[in-house]
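Encoded as structure tokens, the structure appears first; notes follow it.
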Amino acid sequence: MTSYQPNDIEKKWQKEWADMRANETPDHVEERPNKMVLVEFPYPSGNLHIGHWYAFALPDIYARYWRMKGFNVLYPMGFDAFGLPAENAALQRDIHPGEWTKQNIEYMTNQLHSMGAMFDFSRAVSTIDPTYYRWTQWMFLRMFEKGLAYRAKTTVNWCPKDQTVLANEQVVDGHCERCSTAVQQRSLEQWMMKTTAYADRLISGLENLDWPNTARTAQQHWIGKSEGAIITFPLSGIPGQEDGKHSVEVFTTRPDTLFGATFLVVSPELAQKWIDVGWRASDEVRAYITESRSKRELERLEGAKDKTGVALGISAKNPISGESIPVWVADYVLGNYGTGAIMAVPAHDERDRAFADAFNLPISDASLRDAQEVIDQLVAKGAGYAKTTFKLRDWVLSRQRYWGVPIPIIHCTTCGYVPVPDDQLPVELPPLRDFKPADDGRSPLAKATEWLSVSCPKCGEDAQRETDTMDTFVDSSWYYLRYTDPHNSEQFASKEKMAQWLPVPIYLGGSDHNTMHLLYSRFFAKVLFDLGYLSFEEPFLKRVNRGWVLGPDGQKMSKSRGNVVDPDKEVAQYGADTVRMYLAFMAPYEQGGPWDPRGITGVHRLLSRIWTLFSQEPIGEASPDVECALHAATRNISRDIELLSLNTCVSELMKLMNAVDDAKTTLTTKQREHVIRLLAPFAPHLAEELWHSVCGHTSSVHQEPWPSFDATLLESQSVVVPVQVNGKVRATIEVAPDASEELVQAQALAAEGVIRALGDAQVHKVIVIPKRMVSIVAR
RNA sequence: GCCCUCGUGGCGGAAUUGGCAGACGCGCUAGCUUCAGGAGCUAGUGAUCUCACGAUCGUACAGGUUCAAAUCCUGUCGAGGGCACCA
């Protein structure tokens with residue numbers, strides 16, 4: 001037997017597995033429960049980098065383990081292939097985004113094979129496939145019918161570089177998530193999804209999910225539920241208006257502080273509305289409104305905290321105390337949250353306090369009432385009611401770009417927005433040569449004149465197709481459903497097949513999707529559940545957020561930083577098995593860390609040692625020490641894989657090899673097969689090679705059962721117990737596991753180190769924790 | 001400012017969840033081996049003191065609880081991420 005040559009072995013088995021269709025997962029196997037291990041499907045950016053390996057090769061260990069544990073495991077893969085980067089790259093290279101994307105998908109699929117993962121490519125989905133996006137459009141229409149997809153004019157985030165609208169979730173610190181250009185506010189008519197209709201359920205549904213705290217709290221904060229009250233303050237002193245004729249509503253989470261309200265503040269937006277309906281305002285007020293609306297976006301980012309504002313010359317009446325307080329306009333009150341107006345309580349609110357200090361407004365006493373009593377009184381007087389508000393905004397899903405799913409709507413001058421009939425789906429994306437975005441904010445699809453003109457499905461008159469495309473987050477909001485039934489041409493997936501796999505028991509991905517993809521997918525599931533298409537409304541029962549593999553500089557890998565690394569060199573030198581295992585060994589999966597290939601030799605040595613060990617002839621009788629180590633490793637690895645503590649799994653394999661070396665022996669035939677099974681999820685190629693060439697099997701090790709361990713072997717004849725004297729370890733004693741406390745105590749007190757430490761002191765108390773610790777208190 | 005996660009040798013990290021801190025690996029040191037390169041083997045490797053047995057200190061810092069704290073509590077500092085004038 002020659003030395004370990006991973007490249008030959010790996011290529012051979014990758015081909016063999018593909019030929020055997022080893023990873024095609026049936027819908028159902030007798031006595032093997034189904035389990036889907038879901039990872040976020042990649043964007044086909046061109047080639048696999050180290051982050052892809054981390055994201056896919058490590059969950060593969062988990063998936064392979066459960067398959068060996070007797071589950072029918074589906075480890076699916078697909079491509080989230082629409083989106084801006086394809087379009088930008090295609091523009092640069094002067095090819096069509098579809099062509100560019102398809103090339104990448106083909107190339108990356110080959111690369112994915114080289115990872116040695118158990119992806120079922122027969123179920124692969126691609127969001128740009130018309131047989132896929134037909135159902136994306138179909139779901140949009142179901143939501144349109146329910147009023148959950150609607151068109152409205154709103155203030156939207158506009159990226160001037162990408163020339164398209166962005167959802168709130170895609171704006172990071174006021175900049176485009178993709179290209180970092182400062183986002184502008186534009187008032188445009190857009191297609192929206194009514195995510196706010198599900199705000200409450202999106203919060204309450206989080207409760208029973210096995211998700212990381214970070215993901216759960218991020219969503220909670222994003223949705224931003226606050227409970228409080230709406231209180232109506234009658235207004236007087238409006239020029240030209242009768243006193244008490246008009247009023248203003250405020251939202252507060254602290255109705256108990258109502259008596260501390262010393263002034264009222266309205267947002268510039270609300271003040272503008274008042275002016276728009278004809279209320280007279282001073283030049284000073286008008287100037288303030290104009291100024292604050294223009295400066296807002298930039299200054300807010302600068303963190304401008306100085307309070308500015310102008311008195312309106314109007315007064316408001318506290319509906320319970322009857323007190324009259326002045327009304328101000330100030331831009332620290334937001335137009336798009338609550339009612340756009342607040343009652344200011346400087347005694348209880350820092351911001352109100354700062355404003356009061358700046359403008360010399362009174363700060364009253366801080367006395368509190370009972371919140372419920374206040375609300376009851378308000379209700380009795382018709383001056384208010386309990387109210388819950390959310391920070392969540394509806395999802396703006398229109399995109400004025402070419403490379404996306406066409407929105408299946410027809411604009412008819414007489415019938416309005418008419419859905420494309422289901423039997424005409426998909427509305428295919430026309431093959432446009434000139435797909436550049438236009439300056440006027442219209443989608444490039446407006447240039448596809450032939451495609452554009454249709455007759456109205458309702459009245460038959462000339463009409464035009466919608467030219468916006470959908471945000472790609474729509475595509476990815478339901479892809480996991482399609483994995484269960486990827487070739488269905490009648491439905492997005494049959495209920496029977498979905499019931500076999502869903503909801504998803506475990507979903508592994510990045511924390512960057514906490515308030516985007518994960519939120520949208522949950523929204524989609526809830527809507528489809530309400531419409532009767534799904535039997536569950538929480539799609540992902542357990543979520544694991546993987547850590548980031550950072551660049552060698554310790555920074556998050558990104559093309560703009562230029563620190564993106566791919567592991568091709570290491571794969572060529574050491575093989576895929578070593579790279580997989582090194583990534584597993586490097587750090588806890590949920591933590592990640594900088595990619596430092598220097599340590600990879602440690603893992604490569606391990607695999608070489610295993611290879612060498614198996615080149616020796618098996619022995620007849622097992623060494624008890626090795627047998628014990630083997631069963632301990634089995635227990636620990638089984639436990640740790642389930643916890644996704646993959647780094648300690650690799651340590652356990654190293655310890656096992658150390659134990660074999662220390663015993664100066666080798667393995668029996670039975671032990672060899674046991675070790676190969678333990679190795680199989682981590683180094684699938686090497687394990688398969690040894691299983692065949694050394695053990696002489698003809699079937700795959702990956703269809704073998706996971707080894708069990710003998711717990712009695714792990715109960716050793718004696719245990720070493722540390723003995724503390726006054727909190728410091730002074731000796732260790734070796735006792736039988738079932739030794740009586742008296743015996744252990746006697747042995748502990750007789751230990752040399754204990755006697756020395758005790759000296760003349762009197763033993764006051766002895767605490768014996770069987771098999772763990774003896775603690776002596778002396779004075 | 002608020003929220004979440006976290007802080008352990010030169011480095012990545014481990015610690016049975018309150019019970020011998022530093023497993024496992026990288027790196028480093030010494031010796032052996034190889035014509036050489038890469039590599040391999042053996043021993044050592046938290047700090048300080050000690051010829052040595054051993055002792056003291058040590059898990060960001062300061063307190064506290066406990067027979068016993070990296071782990072629990074309080075406060076401070078620092079890092080990363082999220083939200084951010086959200087009433």
Side-chain angles (χ1 to χ4, degrees), chain A residues 3 172-173 212-222 224-226 228 250-254 257 265 267 296 300-301 303-307 330-334 336-345 348-352 354-355 389-392 511-512 514-515 545 547-548 550 554 556 582 585-588 590-591 593-603 605-606 608 612 635-636 639 645 647-658 661 720-732 752-753 756-757 764-769 771-778:
Chain A
S3 64
V172 178
D173 287 339
N213 240 330
T214 45
R216 248 211 314 258
T217 53
Q219 286 207 1
Q220 272 165 7
H221 290 162
W222 189 264
K225 180 176 181 172
S226 24
V250 303
F251 173 70
T252 179
T253 54
R254 298 289 306 275
T257 66
V265 188
S267 61
R296 161 152 300 165
R300 206 180 264 169
L301 296 172
K305 292 283 185 227
D306 290 344
K307 296 283 182 287
D331 65 5
Y332 83 93
V333 174
L334 306 176
N336 60 1
Y337 183 73
T339 61
I342 62 155
M343 62 177 202
V345 187
H348 282 285
D349 185 286
E350 271 181 41
R351 295 152 302 177
D352 296 343
F355 194 79
T389 61
F390 298 91
K391 286 188 213 171
L392 186 72
S511 59
D512 47 340
N514 282 349
T515 54
N545 278 355
W548 296 102
L550 306 174
K556 206 157 144 182
Y582 178 57
F585 183 56
M586 195 176 84
E590 291 172 69
Q591 182 188 304
W595 170 246
D596 179 2
R598 279 174 298 184
I600 200 169
T601 50
V603 170
R605 270 178 205 148
L606 171 69
S608 300
T612 309
R635 179 191 58 190
N636 296 344
R639 180 193 63 212
S645 173
N647 53 336
T648 53
C649 291
V650 179
S651 294
E652 287 295 329
L653 288 168
M654 289 170 169
K655 281 190 215 172
L656 177 59
M657 286 304 114
N658 291 347
D661 280 357
V720 175
V721 176
V723 184
Q724 289 183 358
V725 178
N726 289 340
K728 291 191 174 171
V729 176
R730 297 298 182 180
T732 54
E752 196 192 324
R756 191 170 44 230
H764 176 65
K765 194 161 73 167
V766 180
I767 299 159
V768 178
I769 295 134
K771 294 195 243 181
R772 278 284 173 84
M773 169 66 63
V774 178
S775 190
I776 298 167
V777 186

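Proteins come first, then strands; the chains are lettered A, B, ... in the order of their sequence lines, and each starts at number 1.
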Could you go through nucleotides 26-29 of chain B and list every protein N or O atom that sits under 3.5 Å from one of its N or O atoms, giving the distance for each pair?
residue : atom : partner  : partner atom : Å
B/C26   : OP1  : A/Arg605 : NH1          : 2.3

Provide the distance between the two P atoms, one in B/C24 and one in B/A36, to the nearest whole Å. 32 Å

So A/Val250, base contact, sugar-phosphate only, or nothing? Heavy-atom distance under 4.0 Å. nothing

Any donor-acceptor pair under 3.5 Å joining the side chain of A/Lys391 to the base of B/C83? no

Quick one: is the NZ or CZ of A/Lys307 closer than 6.0 Å to the six-membered ring centre of A/Phe355, and within 45° of its axis? no

Whole-angstrom distance between B/A15 and B/U65, as gauged at atom C1': 22 Å

Between the protein and nucleotides 64-68 of chain B, which nitrogen or oxygen pairs are less than 3.5 angstrom apart?
residue : atom : partner  : partner atom : Å
B/C67   : O2   : A/Ser775 : OG           : 2.4

Given the P atoms of B/C85 and B/C2, what is the spacing between them in whole Å? 15 Å

Could you measure between the two P atoms, the one in B/U5 and the one in B/U74, and give it in whole Å? 14 Å

Between A/Ser226 and B/A87, is there a side-chain N or O to OP1/OP2 distance below 4.0 Å? yes

If we take the P atom in both B/A43 and B/C26, what is their distance in whole Å? 14 Å

With nearest nucleotide decided by heavy atoms, which residue, A/Thr732 or A/Phe251, maps closer to the 5′ end of RNA chain B? A/Thr732

Contact class for A/Asn514 vs. all strands (heavy atom < 4.0 Å): base, sugar-phosphate, or nothing? nothing

Can you name the atoms? Protein N/O to nucleotides 3-14 of chain B N/O, anything below 3.5 Å, with the distance.
residue : atom : partner  : partner atom : Å
B/U5    : OP1  : A/Asn213 : ND2          : 3.2
B/G12   : O2'  : A/Met586 : O            : 2.4
B/G13   : OP1  : A/Gln591 : NE2          : 2.2
B/G13   : O3'  : A/Asn647 : ND2          : 3.3
B/A14   : OP1  : A/Asn647 : ND2          : 3.0

Which whole-number value in Å describes the distance from A/Lys728 NZ to B/C57 C1'? 9 Å

Under 4.0 Å, heavy atoms only, any strand: does A/Arg730 hit a base, just the sugar-phosphate, or nothing? sugar-phosphate

Pick the nucleotide of RNA chain B nearest each of A/Asp352 and A/Arg756; which residue has the one closer to the 5' end? A/Arg756

Would you call A/Met343 and A/Thr257 a side-chain contact if the rule is heavy atoms closer than 4.5 Å? yes

Using the C1' atom on both, measure B/U48 against B/G82 and round to a whole Å. 44 Å

What's the gap between B/A69 and B/G25 when it is taken at their C1' atoms, as a whole Å value? 28 Å

B/C6 versus B/U71 - spacing of their C1' atoms, nearest Å: 14 Å

Looking at A/Tyr337, does any N or O in its side chain come under 4.0 Å of the phosphate oxygens OP1/OP2 on B/A87? yes

Is a side-chain donor or acceptor of A/Asn726 paired with a backbone partner of A/Ala778 at a separation under 3.5 angstrom? yes

